[in-house]
Protein chains: 2
Amino acid sequence: MKGPKNLGDLQLAILRALWERGEAPVATVHEDLSERGLALTTIATMLRKMEEKGLVSHREQGRQFLYRAEVDPELVQKNLVGDLVTRLFDGDPLALINHLLRAGEVELDELDDLRRAVANAEQKRTRRPK
Amino acid sequence: MKGPKNLGDLQLAILRALWERGEAPVATVHEDLSERGLALTTIATMLRKMEEKGLVSHREQGRQFLYRAEVDPELVQKNLVGDLVTRLFDGDPLALINHLLRAGEVELDELDDLRRAVANAEQKRTRRPK
DNA sequence: TTCACTCTACTACCTGAGTAGTTGGCGCCG
DNA sequence: CGGCGCCAACTACTCAGGTAGTAGAGTGAA
């Protein structure tokens, strides 16, 4: 159930495709990543390696394999982001946000919008539990 | 002047040590990373490899080498964070912050504090330019 | 039946990061 | 002067990620 910390570029891209699709044959994943210009077998190989690590699983449909992600997107995000925060910001997530602001990646009013939206959702959840 | 996108764990740790120290001999970096239990030569080798890539430089002091970082911390942060945002959040930094909030890594009031601090600094800078 | 096609399985490489032993030069302490 | 110790250079290896060709099996069409 624990998502891994180290995910290569291709692996993450594949996972994202699977998260999006739910379940997909190799060819479909291949097409989703077509901008990378990779061979179909590259995707297939990667998928097999990822299955060994438990990142994905497959079931057979005719002679095709349908793959699906076995790791939770939320968890993977948490791990990846957490890793970055640890390695780069001494484990302080606020430092990361601060960086985003300072570097001009995010504007103050965008932050405010987000803040409001989150606070709102929070409220709704608290007021009408379940 | 462009910081690289891919930085290994050790390389980043070394850079952080050098950013902190400004300039340091191998032995000092080694001590800064002592919790990793690495051999001194490991650090030395890594430093040499990093120098080949232009990440660090050295000057000689007696028979020792003093290393210094040749890349700007801000830039490296920007690249690393930017890379993550691209790979994981479709290039939307707000999605990252949203994730931090949802995952409970950051609380709303912490965000507010930070927001105020940043707005304040902004103001000061605008009011008294230079 | 046979042939072409489509997939997966196997095998093979390359590269970068990380890790560390061994070597060889050079200065210092007796 | 001679050995000891420090330090950079060189060499060597492992591992994971990525990339892809080739082989082999099953399927559907002619």
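Every chain is numbered from 1 and lettered A, B, ... according to where its sequence line falls, protein lines coming before strand lines. Because only heavy atoms are used, hydrogens play no part in the values below, and waters and symmetry mates are left out as well, while side chains stay in.
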Between A:R16 and B:D90, is there a side-chain N and carboxylate O pair less than 4.0 Å apart?
yes

Given atom [atom1] of [X] and atom [atom2] of [N], what is their separation to the nearest angstrom?
| X | N | atom1 | atom2 | value |
| --- | --- | --- | --- | --- |
| B:Q64 | C:dC28 | CD | P | 13 Å |
| B:L7 | C:dT15 | CG | P | 20 Å |
| A:E60 | C:dT8 | CD | P | 9 Å |
| B:I43 | C:dA20 | CD1 | C1' | 11 Å |
| B:R36 | C:dT19 | CZ | P | 7 Å |
| B:M46 | C:dG18 | CE | P | 4 Å |
| B:L40 | C:dA20 | CG | P | 11 Å |

Under a 4.5 Å cut-off applied to non-hydrogen side-chain atoms, are A:E51 and A:E70 in contact?
no

From the options C:dG18, C:dA20, C:dT11, select the nucleotide whose nearest atom is closest to the side chain of A:T45.
C:dT11

Check whether [X] reaches the backbone of [Y] with its side chain - one donor and one acceptor, N or O, closer than 3.5 Å.
| X | Y | answer |
| --- | --- | --- |
| B:E110 | B:E107 | yes |
| A:T28 | A:A24 | no |
| A:T42 | A:L38 | no |
| B:W19 | B:V71 | yes |

Ranking A:R63 and A:G37 by the position along DNA chain D of their nearest nucleotide, the one closer to 5' is A:G37

Contact boundaries of DNA chain D with chain A (under 4.0 Å, heavy atoms), 5' to 3'?
D:dG17 to D:dG28

Of all residues at least two apart in sequence or in a different chain, which pass the salt bridge (Lys or Arg N to Asp or Glu O under 4.0 Å) check with A:R36?
A:D9

Steps toward salt bridge (charged side-chain N to carboxylate O under 4.0 Å, His left out) verdict (B:D112, B:R116)
CA-CA 6 Å; B:D112 291 339; B:R116 262 191 297 278; 5.6 Å; no

Can you tell me if B:Q11 touches the phosphate of C:dG18, counting only side-chain N or O atoms and a distance under 4.0 Å to OP1 or OP2?
yes

Would you call the rings of A:H58 and A:F65 parallel, tilted or perpendicular, where under 30° means parallel and over 60° means perpendicular?
parallel

Tell me which residues in residues 47-54 of chain A lie within less than 4.0 Å of DNA chain D, going by non-hydrogen atoms.
A:K49, A:K53

With a non-hydrogen cut-off below 4.0 angstrom, is B:A39 in contact with a base, only sugar-phosphate, or nothing?
sugar-phosphate

